[in-house]
Amino acid sequence: MSGRSKRESRGSTRGKRESESRGSSGRVKRERDRERDPEAASSRGSPVRVKREVEPASAREASSSVIPFVRVKREREIDEDSEPEREVRAKNGRVDSEDRRSRHCPYLDTINRSVLDFDFEKLCSISLSHINAYACLVCGKYFQGRGLKSHAYIHSVQFSHHVFLNLHTLKFYYNYKNIKRPPGDIMFLLVQRFGELMRKLWNPRNFKAHVSPHEMLQAVVLCSKKTFQITKQGDGVDFLSWFLNALHSALGGTKKKKKTIVTDVFQGSMRIFTKKLPHPDLPAEEKEQLLHNDEYQETMVESTFMYLTLDLPTAPLYKDEKEQLIIPQVPLFNILAKFNGITEKEYKTYKENFLKRFQLTKLPPYLIFCIKRFTKNNFFVEKNPTIVNFPITNVDLREYLSEEVQAVHKNTTYDLIANIVHDGKPSEGSYRIHVLHHGTGKWYELQDLQVTDILPQMITLSEAYIQIWKRRDNDETNQQGA
């Protein structure tokens, strides 16, 4: 009985498998017939209707079985694309080039939809021009152009907004891939922080009565590579020279061709006449022979300057009759004679000696004087305490210009607007600043957070180190004359 029952069970399972295979083969056959002749399939009645209800599932199974094949085939054809892009193409069943291009833009997350409003008039917010207008998709403002000197490019570099929309063609642009950045773009943080500080200083609606320059000082430390630090006092002239040149280069300026607002305000020009001298230990006859050579003839070079260095006479080493050291005084026009084109001064180097004289050819709107008080030797730094006597107004520099330049320069009169004073020892001293308030005509002394009034007569008694003079215009000259 046990053997017979086993044989019966085997036969029953075999029969079930055969019936299932026949049913599946018949179902596949009927589906093929329906695909070939759909009209005939629709005329067969209710069984076909039941199979139509099952059809979506079978269609989904068939499509799911086809998708991997399509994906594998496209992976073989296009190897350079990334895996997420191939999956997107396989699901969509087409090549989506726009999607691929948008995935390569790293600034899409900076777009701020809440500030975008395209109902405004399509014109530049700075030049008010309708031509070539672009919308910044980060702040919503309109700017003109896409070139190096355009308002849109300056806005992109200054505020790090990189996604723009052309309001005419409705095309998107980002990062200005085909446009080179300015040469001083690494130093542009200094320009940005300095601009923010100036806007805070001159803002009439400031919440506080004082402004903290901390961010500006941090930018100075970073951009100067720690040459100038917050915790260590540096030289005022060295910082001024570096700061003006750093601003000029960061704004895209160069030494000769490209100018910036820094050079327009502070840069002047001069002629430098140089003559080589023979060695002093040589005999007199040999010196005369050398002076006839071309190497020892006088040469002239045109040069620009941001500030003029004024040399002080040597301070006395010995005490006077009353056993006191009298602080010497010198008029400003005596030390300005260096630039009259006649006065010669000897400059010594390690091997050679030169005679130089200077003559001004262009005066800037704002002229900076740096009085050379510190001299370095092999052991320490010495400070010259000589007091410079100078008038505060009506300093005429016409006599220091060449004759052909005097006819071109109509206004050569300058007025003092700022005076920087160094007090104390060379390495441990402190700085004070005298500033003119144009609205009231009063002078103020600034030292850290202390601001006090000062009489103009007291300014001339200080040890001036850096001075800033403003050139008078025609209107100011007429007012002074009246």
Side-chain angles (χ1 to χ4, degrees), residues 104-108 110-112 115-118 120-202 215-216 219-220 222-224 241-269 302-306 362 364-366:
H104 290 172
C105 177
Y107 303 111
L108 289 181
T110 63
I111 298 176
N112 188 1
V115 299
L116 299 182
D117 189 355
F118 299 103
F120 293 111
E121 188 178 1
K122 307 301 187 293
L123 51 84
C124 177
S125 59
I126 298 177
S127 63
L128 302 180
S129 174
H130 296 270
I131 303 173
N132 202 16
Y134 287 79
C136 176
L137 300 183
V138 182
C139 63
K141 297 180 181 179
Y142 297 165
F143 299 96
Q144 182 185 13
R146 212 156 55 95
L148 277 173
K149 297 182 180 180
S150 64
H151 300 296
Y153 180 81
I154 295 173
H155 175 77
S156 173
V157 175
Q158 184 175 2
F159 296 99
S160 298
H161 295 177
H162 300 285
V163 189
F164 287 82
L165 170 68
N166 190 314
L167 297 175
H168 178 66
T169 61
L170 300 182
K171 291 184 178 180
F172 292 87
Y173 297 87
Y174 71 92
N175 200 27
Y176 292 105
K177 278 182 116 179
N178 299 326
I179 300 177
K180 296 180 180 179
R181 290 180 175 268
D185 191 47
I186 301 175
M187 304 283 290
F188 202 81
L189 177 64
L190 183 67
V191 179
Q192 187 175 358
R193 294 290 180 258
F194 180 68
E196 292 175 355
L197 180 61
M198 292 296 104
R199 288 192 294 271
K200 291 178 182 178
L201 286 174
W202 293 101
E215 293 183 350
M216 168 66 185
V220 169
L222 179 64
C223 296
S224 65
S241 177
W242 172 85
F243 185 68
L244 294 178
N245 288 285
L247 286 180
H248 175 62
S249 61
L251 292 171
T254 57
K255 291 184 178 180
K256 295 183 179 179
K257 295 183 179 180
K258 293 185 179 180
K259 295 184 178 181
T260 61
I261 187 174
V262 179
T263 56
D264 293 340
V265 173
F266 295 108
Q267 191 178 73
S269 61
E302 290 278 351
S303 178
T304 58
F305 63 88
M306 289 286 190
K362 179 184 175 183
Y366 289 84

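Computed from heavy atoms alone, side chains included, the values below leave out hydrogens, waters and symmetry copies. All residue numbers in this chain count up from 1 along the given sequence.
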Quick one: pull up [atom1] in [X] and [atom2] in [Y] and give me the separation to the nearest 0.5 Å.
| X | Y | atom1 | atom2 | result |
| --- | --- | --- | --- | --- |
| Asn132 | Gln144 | CG | CD | 6.5 Å |
| Cys124 | His151 | SG | NE2 | 5.0 Å |
| Gln192 | Glu215 | CD | CD | 9.5 Å |
| Tyr142 | Leu128 | OH | CG | 14.0 Å |
| Ile126 | Ile154 | CD1 | CD1 | 7.5 Å |
| Lys258 | Lys149 | NZ | NZ | 6.0 Å |

(request) Could you check Phe172, Tyr153, Tyr173 and say which one makes a ring pair (Phe, Tyr, Trp, His ring centres under 6.0 Å) with Tyr134? (result)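 Considering Phe172, Tyr153, Tyr173, a ring pair (Phe, Tyr, Trp, His ring centres under 6.0 Å) with Tyr134 is found only for Tyr173.
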Using side-chain heavy atoms (C-beta onward) and a distance below 4.5 Å, is [X] in contact with [Y]?
| X | Y | answer |
| --- | --- | --- |
| Phe164 | Cys136 | yes |
| Leu137 | Thr110 | no |
| Met306 | Thr263 | yes |

How far apart are the closest heavy atoms of [X] and [Y], and which atoms are they?
| X | Y | result |
| --- | --- | --- |
| His248 | Thr254 | NE2-O, 2.8 Å |
| Gly268 | Pro364 | CA-CD, 4.1 Å |
| Gly252 | Thr260 | C-CG2, 4.5 Å |
| Lys362 | Gln267 | CE-O, 4.2 Å |
| Val138 | Asn112 | O-CB, 3.5 Å |
| Phe118 | Ala135 | CE2-CB, 4.1 Å |

Assess whether atom [atom1] of [X] is packed by more than 12 heavy atoms of other residues, nucleotides or ligands within 6.0 Å.
| X | atom1 | answer |
| --- | --- | --- |
| Ile261 | CD1 | no |
| His168 | NE2 | no |
| Lys122 | NZ | yes |
| Leu170 | CG | yes |

(message) side-chain contact (heavy atoms from CB on, under 4.5 Å) for Glu196 and Met216? Distances and angles first, verdict last.
(response) CA-CA 8 Å; Glu196 292 175 355; Met216 168 66 185; over 6 Å; no
(message) Using modelled atom types and a 3.5 Å cut-off, is there a donor and acceptor pairing between side-chain atoms of Ser249 and backbone atoms of Asn245?
(response)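 Yes; at least one donor-acceptor contact below 3.5 Å.
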(request) Only counting residues at least two apart or in another chain, list the ones meeting ring pair (Phe, Tyr, Trp, His ring centres under 6.0 Å) with His155. (result)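 Partners of His155 by the ring pair (Phe, Tyr, Trp, His ring centres under 6.0 Å) criterion, ordered by chain and then number, come out as Phe143, Phe159, His161.
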(request) Using the test ring pair (Phe, Tyr, Trp, His ring centres under 6.0 Å), find all partners of Phe194 that sit at least two apart in sequence or belong to another chain. (result)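 By the ring pair (Phe, Tyr, Trp, His ring centres under 6.0 Å) rule, Phe194 matches Phe243.
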